[in-house]
Trainee: 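Pasting a structure here, questions to come.
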Amino acid sequence: MAKVLVVTSGKGGVGKTTSTAALGAALAQLGQSVVVIDFDVGLRNLDLVMGAERRVVFDLINVVQGVAKLPQALIRDKRLENLWLLPASQTRDKDALTDEGVKRVIGDLKTKFDWILCDSPAGIERGATLAMRYADEAIIVTNPEVSSVRDSDRIIGMLDSKTARAERGERVEKHLLITRYDAARAARGEMLSIDDILEILATPLLGIVPESQDVLRASNIGCPVTLNNADSAPARAYIDAVRRLMGESVDMTVPVERRGLMDRLLRRRAA
Amino acid sequence: MNLMRLFGGRAGSAPVARERLQILLAHERGRNGAPDLLEILRAEILGVVSKHIDLDPDKVVVRMDRGKFVSMLEVDIEVPNGVQRSMTMAAT
């Protein structure tokens, strides 16, 4: 049975798109068939983060409006054959998305894939509400920072009231993904700790992605971080998160950079 | 400055962030979904007190601590001595 996940946050810039690409790729790396959908109409970026920006011909809006068929708009990843992208439109605006159209597209995708990951735009408007509308589960991406935590709380409220599941009296299962975490700063009391965030948001933790240079390095070259350097700390955090999504029990840790002498030498040479 | 920090002379700002968020979210959750008991108490306590004295926002400290089983609401209000009840009643 296909699972529909929304990756959301309310606040912009916390790592929704990076996380969608990394989680989607990690699921595909574990053998699942995955499609990632960009709901950020007018400001699409998932194509860029996944290195598919020059291969976009048709998009989600074209499919919603019946201009293109779903298979024409789906872009297969060049590195993983079971990872696909449905890009957003760059020229239209979010009002071109309709509830009925999104429902139909997601219904079609459910017959073809194991996982459907919806990359939500920031904010709480149409694009964001439609991205979460047909989700079975939600990943709330949060930074250890006051404005991000506040916006996550707002989004959690919306997941509990504005989704199709909520309206049927069912629950959208929620998972918290904390990104850009700096364990040393949290230990010094300079940054909200994991426990602080969990206590405030009262949502189960899916994973902790440490602040890392590997994330920017991966997006610079258009490759999900789990594919670009699967051994890096953020990649291991995303892979652990995906294992938990798949029902495995994995100890919750904050992966750290491996900085052995050999590792440093090798990394320098590779970079 | 750095030396002071090195020896723990300056506390981190995370506890402040945590407390600000807890108070703010109690307020916002009350508005969006089911009204929150702690928030209702906070609003009514401040309402009752302000009937009798002019509340200086800087002299009011509200703290909320949410636990799994028990939560704590701490309202700390500085009341100046010699306030005439009638005067303040007239003012409000």
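For clarity, every value in this text was computed on a predicted model and none was experimentally measured. Below, each value reflects all heavy atoms present in this structure, side chains not excepted, and no hydrogens, waters or symmetry copies. Lettering follows sequence order; numbering is per chain, from 1.
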Trainee: Which pairs count as side chain to side chain donor-acceptor pair (under 3.5 Å) when at least one residue sits in residues 201-213 of chain A, sequence neighbours excluded?
Mentor: R180(A)-E211(A), S212(A)-D214(A), S212(A)-E257(A)

Trainee: Would you name the heavy atoms of I200(A) and Q22(B) that are closest together and state the gap between them?
Mentor: CG1-CG, 3.9 Å

Trainee: Over all heavy atoms of both residues, which pair between R150(A) and L24(B) is shortest? Give the atoms and the distance, please.
Mentor: NE-CD2, 3.1 Å

Trainee: Going through the distances and angles, do L192(A) and L21(B) end up as a side-chain contact (heavy atoms from CB on, under 4.5 Å)?
Mentor: CA-CA 10 Å; L192(A) 286 168; L21(B) 272 170; 3.8 Å; yes

Trainee: Count the heavy atoms belonging to other residues, nucleotides or ligands that lie under 6.0 Å from CD of E125(A), then report whether that count exceeds 12.
Mentor: no

Trainee: In Å and rounded to the nearest 0.5 Å, what is the OG to CZ distance from S13(B) to R188(A)?
Mentor: 11.0 Å

Trainee: For E44(B), what residues pass the side chain to side chain donor-acceptor pair (under 3.5 Å) criterion, not counting sequence neighbours?
Mentor: none

Trainee: Taking atom CZ of R243(A) as the centre, report whether more than 12 heavy atoms of other residues, nucleotides or ligands fall under 6.0 Å from it.
Mentor: no

Trainee: Can you name the nearest heavy-atom pair linking P15(B) to G189(A), along with the distance?
Mentor: CD-O, 3.9 Å

